[in-house]
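Down below is the structure, laid out as structure tokens.
Below, all heavy atoms of this structure are taken into account, side chains as well, without hydrogens, waters or symmetry copies. The first residue of the sequence shown is numbered 1, and numbering continues consecutively from there. Predicted, not measured: the structure shown is a model, and the values here were computed from it.
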Amino acid sequence: MNAMTGTETDSARTLLQDWLFRRLDDTARNWLASQIAQAASAPDNRVLYTAFALMGRKLGKGGLDLTAEEETIATRCIEGWMPGAWSLADAGRILLLSGLPDTAPDFAPRFVALCQTAEVAEAVSLYRGLPLYPAAESLEPQVGEGLRSNMRSVFEAIAHHNPYPRRIFSEHRWNHMVLKAIFVGSRLAPIQGLDERANAELARIMLDFVHERRAAGREVPFEIWRCAGPFATGAALADLEWVLASGDTREQQAAALALSANPDPDAAVLLRRVPELAEAIATGRLTWAMLQ
């Protein structure tokens, strides 16, 4: 695991406060500043819970709507941090919570308590803010509970455009998240670190899933091959060979990309059977980012 450092989170919080405050009117800005200060010094949670619940009403329904330059600054601050699509209320809730003392031993219980009572929009805010919170590793059990949510927006607040899973999740938790994304029809492309965190156990699970779907006559999501391809050998390469021969254009492209990431010499042999795709991959004209 590679947790966010204090320097990263402090810098990110400073940026978020600056961006948010510049987008609020005087009334909303003064209210939020006072709530942040009170919550950081209050001995109990009443101020925190009340301010958290009022955030949408006080800050409005607008978006943070970062500029391209601000988005670039964000991802330089914490690799993969992408708050551009956050709402003003998201940013306010996250700023409030991230402003709690990082020396307090009860940050994780406070976070858990908020998650347990949160409405959907509030839960989305809580999980989007993971890169900015203190004691990041201690939050993983609750984040695992969030992954089990039947609300896709809550699941994707964790899984999509969020550097926390890549840096904090155990392999078991990571594999569970990726597999659930497939089950609920959520895209894999927005999961940060998908190639970096690829592992043989996830590839095995994905291939088992492929065989179950085929046996049931159901479609196989093309992104599965991104996870399974680098570790495919033997019979698994036969699966990719079948996709190259029988799949539609997008599936064939996915199979070729999967083979290109596989060190097995037999994978290279298969890839040479589709020279146009092999050349497109070699020249950068075909990448996973291009498949929709």
Are the side chain of [X] and the backbone of [Y] linked by a donor-acceptor contact shorter than 3.5 Å?
| X | Y | result |
| --- | --- | --- |
| T75 | G80 | yes |
| R285 | I281 | no |
| D90 | S87 | yes |
| Q292 | A289 | yes |
| S98 | L95 | yes |
| Q35 | L32 | no |
| S34 | W31 | yes |
| Q252 | G247 | yes |
| S186 | I182 | no |
| S149 | E145 | no |

* To do: May I ask you to decide whether E71 forms a salt bridge with R76, counting only side-chain N to carboxylate O separations under 4.0 Å?
  =>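 Answer for the salt bridge query: no.
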* **Ionic contact status for R13 with D10, cut-off 4.0 Å** =>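 Salt bridge flag = no for R13 with D10.
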* Let me see the working for R197 and F169 under side chain to side chain contact (heavy atoms under 4.5 Å, CB included), right down to the final yes or no. => CA-CA 10 Å; R197 294 291 309 263; F169 276 2; 4.3 Å; yes
* Quick one: do the E122 and Y127 side chains pair a donor with an acceptor below 3.5 Å? ->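 Short answer, no.
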* To do: State, without any angle test, whether N162 and R128 hold a side-chain donor-acceptor pair at a distance under 3.5 Å.
  =>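 N162 vs R128: no donor-acceptor pair found between side chains.
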According to a 4.5 Å side-chain heavy-atom criterion applied to Ile, Leu, Val, Met, Phe, Trp and Tyr, with indirect links allowed, do [X] and [Y] form part of one hydrophobic cluster?
| X | Y | result |
| --- | --- | --- |
| L194 | L286 | yes |
| V47 | L96 | no |
| M151 | V143 | yes |
| L126 | V112 | no |
| M290 | V243 | no |

At their closest point, which heavy atom of [X] faces which heavy atom of [Y], and how far apart are they?
| X | Y | answer |
| --- | --- | --- |
| L240 | A258 | CD2-CB, 4.1 Å |
| A108 | L139 | CA-CD2, 3.7 Å |
| R152 | G185 | NH2-O, 3.1 Å |
| A123 | V154 | CB-CG2, 4.0 Å |
| I78 | P163 | CG2-CG, 4.1 Å |

With the side chain counted from C-beta on, respond yes when [X] and [Y] share a heavy-atom pair under 4.5 Å apart, and no when they do not.
| X | Y | result |
| --- | --- | --- |
| L100 | P134 | no |
| I73 | W81 | no |
| P83 | W19 | yes |
| N150 | F155 | no |

* Just say parallel, tilted or perpendicular for the rings of W288 and F222, cut-offs at 30° and 60°. =>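 Correct class here is parallel.
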* Asked: Is the NZ or CZ atom of R214 both under 6.0 Å from the centre of the six-membered ring of W242 and within 45° of that ring's axis?
  ->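 Relative to the ring axis of W242, which defines the angle, R214 lies inside both limits.
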* Please lay out, stage by stage, how D208 and R204 fare under the test salt bridge (Lys or Arg N to Asp or Glu O under 4.0 Å). => CA-CA 6 Å; D208 287 345; R204 183 194 64 77; 2.9 Å; yes
Return all side-chain donor-acceptor pairs below 3.5 angstrom for residues 264-279, not counting sequence neighbours, or 'none' if the list is empty.
{"unit_1": "D264", "atom_1": "OD1", "unit_2": "D266", "atom_2": "N", "d": "2.8"}
{"unit_1": "R273", "atom_1": "NH1", "unit_2": "E241", "atom_2": "OE2", "d": "2.4"}

